[in-house]
Amino acid sequence: MSEHHPGAQPAPAALAADDPYEIGGYRLHARLGSGGMGVVYLAYTPGGRPIRGFGRLRFRGR
């Protein structure tokens with residue numbers, strides 16, 4: 001049985017085959033989540049500092 005911890009963040013998942021490796025100089029490391037608006041990644045700055053919650057929005061053209 002797994003325990004639920006309020007406020008706990010899900011474990012990062014590996015990048016999917018169609019995920020970019022880098023966005024605007026930020027190196028993507030793992031997926032933190034995804035939903036109707038886009039994907040949220042764990043990324044690193046060019047200097048190596050981690051950024052949790054780096055997002056990529058989905059675009060739906062008409």
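Just so it is clear, the structure is predicted and the values come from calculations on it, not from any experiment.
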For the CD1 atom of I51 and the CG atom of L28, what is their distance to the nearest 0.5 Å? 11.5 Å

Please find the pair of heavy atoms, one from V39 and one from S34, that lie closest to each other, and give the distance. CG2-CB, 4.1 Å

Where is the tightest heavy-atom contact between L32 and G53, given as atom of each residue plus distance? CD1-N, 3.5 Å

State, with a plain yes or no, whether a side-chain heavy atom of Y26 is found less than 4.5 Å away from one of T45. yes

Between atom OH of Y21 and atom CZ of R27, what is the distance when rounded to the nearest 0.5 Å? 5.5 Å

Summary of salt bridge (Lys or Arg N to Asp or Glu O under 4.0 Å) pairs that have at least one residue in residues 31-48, sequence neighbours excluded: D19-R31

Can you name the nearest heavy-atom pair linking P12 to A30, along with the distance? CB-CB, 3.6 Å

Compare all side-chain heavy atoms of P20 with those of R56 and state whether any distance is below 4.5 angstrom. yes

